[in-house]
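Right, I'll just put the structure down here and ask away after.
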Amino acid sequence: MDTNDINGIAQRLLEIRESLPDNVTLVAVSKTHPAEFIQAAYNAGQRVFGENKVQEMAAKYEVLPKDIEWHFIGHVQRNKIRQMASFVSTIQGIDSFAALEETNRQAERFGRTITCLLQIHIATEESKFGFFPQECSDMLAEGKWRTLSHVRIGGVMGMASNTDNNGQVLSEFTNLVEFFQFAKEHFFSGDPDFRTISAGMSGDYRAAIQAGSNMVRVGTGIFGARDYTTH
Ligand SMILES: *Cc1c(COP(=O)(O)O)cnc(C)c1O
């Protein structure tokens, strides 16, 4: 581990936090980085962390302070939900009713309620997961989710295309914000829990905030580049 990396964490974190509007929540994306990096960010006041591998997140949960709010931000494999249901705060990236149902079932076993964000496919790229907007609104219209008492639908999540075309990125984020507003009006009016628009990573969080995001997920900008060669 390069000690320059760990020494810079607090400063980069604070710079980003200061640049964010007050209504925007920062999720520090710590995937692939060691627990020491998370502890450094924690010591600088950060409490919300994002991981995209269940086992890795569970191992970090074991050794780190228990007031950390863990967000699972990856694609949710249904058979892995069980392994995080006892402690995860928010599952971002719910992209099927089945995943919502399974989260509800596992949360109930622990007497918990887990916040879920509906991942919406906004990118033009094929590879990104998520509901298509129509598919998601059909699922919401069907109404079965209303019977799930151990999940709280907290809003939406989306990832823009990985492109230098800022206009395209901005318009993809705008589509997500418009879907949020549509869903709020039709299915969640008067529900204060449905309030989160999770959009924006290190390279595009400014554009996301411009479009109306109120939760950004920043990894590289805080912790430095990820090294996947050891994983
Ligand atoms: C890795 C990841 C991020 C953070 O990406 P950076 O470019 O390192 O900021 C955000 N969201 C999701 C879903 C991710 O998988």
Side-chain angles (χ1 to χ4, degrees), residues 2 5-6 8-9 11-17 19-20 24-34 37-38 40-41 44 46 48-58 60 68-77 80-81 84 88-96 99 103 115-131 154-166 168-170 172-173 176-177 180 196-211 213-231:
D2 185 343
D5 286 351
I6 195 164
I9 289 172
Q11 193 189 342
R12 289 191 294 267
L13 175 75
L14 295 176
E15 275 170 17
I16 291 174
R17 288 174 74 94
S19 77
L20 298 177
V24 175
T25 300
L26 173 62
V27 179
V29 176
S30 47
K31 63 191 189 194
T32 78
H33 296 297
F37 279 30
I38 300 175
Q46 181 67 22
V48 185
F49 291 90
E51 291 279 337
N52 72 344
K53 296 275 189 309
V54 176
Q55 265 170 322
E56 182 180 342
M57 181 170 73
K60 289 171 175 172
I68 286 178
E69 196 181 296
W70 292 99
H71 286 221
F72 186 76
I73 60 170
H75 175 63
V76 189
Q77 285 175 278
K80 298 275 176 69
I81 294 172
M84 59 175 157
V88 72
S89 149
T90 301
I91 300 183
Q92 305 198 11
I94 292 285
D95 60 4
S96 68
T103 303
T115 299
C116 292
L117 303 186
L118 305 169
Q119 183 170 358
I120 308 300
H121 183 106
I122 51 169
T124 52
E125 292 158 21
E126 287 293 327
S127 62
K128 303 270 158 93
F129 292 103
F131 284 106
V156 299
M157 180 268 212
M159 292 172 82
S161 296
N162 184 10
T163 169
D164 292 337
N165 183 337
N166 293 328
Q168 182 183 341
V169 168
L170 192 58
E172 291 175 359
F173 284 140
L176 180 69
V177 172
F180 170 85
T196 299
I197 301 170
S198 173
M201 321 195 336
S202 295
D204 59 17
Y205 72 87
R206 292 175 193 83
I209 290 170
Q210 196 184 331
S213 162
N214 58 18
M215 179 175 282
V216 295
R217 309 175 308 268
V218 179
T220 311
I222 297 169
F223 297 107
R226 285 180 292 273
D227 178 5
Y228 285 103
T229 57
T230 57
H231 288 262

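Basis for what follows: all heavy atoms, side chains included, without hydrogens, waters or symmetry-related copies. Since the model is a prediction, treat every value here as computed from it, not as a measurement. Atoms within a ligand are numbered from 1 in the order they appear, just like the ligands themselves. Sequential numbering from 1 along the given sequence is applied to the chain's residues.
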Are there any protein N or O atoms under 3.5 Å from the N or O atoms of ligand 1? List them with distances, or say none.
{"residue": "ligand 1", "atom": "8 (O)", "partner": "Thr220", "partner atom": "N", "Å": "2.8"}
{"residue": "ligand 1", "atom": "8 (O)", "partner": "Thr220", "partner atom": "OG1", "Å": "2.5"}
{"residue": "ligand 1", "atom": "8 (O)", "partner": "Arg226", "partner atom": "NH1", "Å": "2.7"}
{"residue": "ligand 1", "atom": "8 (O)", "partner": "Arg226", "partner atom": "NH2", "Å": "3.2"}
{"residue": "ligand 1", "atom": "9 (O)", "partner": "Ser202", "partner atom": "N", "Å": "2.9"}
{"residue": "ligand 1", "atom": "9 (O)", "partner": "Ser202", "partner atom": "OG", "Å": "2.5"}
{"residue": "ligand 1", "atom": "9 (O)", "partner": "Gly219", "partner atom": "N", "Å": "2.8"}
{"residue": "ligand 1", "atom": "11 (N)", "partner": "Arg217", "partner atom": "NE", "Å": "2.9"}
{"residue": "ligand 1", "atom": "15 (O)", "partner": "Lys31", "partner atom": "NZ", "Å": "2.6"}

- Kindly assign one of parallel, tilted or perpendicular to the pair Phe37 and Phe223, based on the angle between their ring planes and the thresholds 30° and 60°. parallel

- Task: For Ser30 and His33, indicate whether the former's side chain and the latter's backbone hold a donor-acceptor pair under 3.5 Å.
- Result: no

- Excluding sequence neighbours, so at least two apart, what forms salt bridge (Lys or Arg N to Asp or Glu O under 4.0 Å) with Lys60? Glu51, Glu56

- Item | Contact list for residues 198-209, test side-chain hydrogen bond (donor to acceptor under 3.5 Å, both in side chains), sequence neighbours left out | Gln92-Ser198, Ser198-Arg217

- Message: List the residues meeting side chain to side chain donor-acceptor pair (under 3.5 Å) with Glu69, not counting sequence neighbours, and say none if there are none.
- Response: His71

- Message: Nearest 0.5 Å, please: how far is CD1 in Ile38 from CD in Gln46?
- Response: 10.5 Å

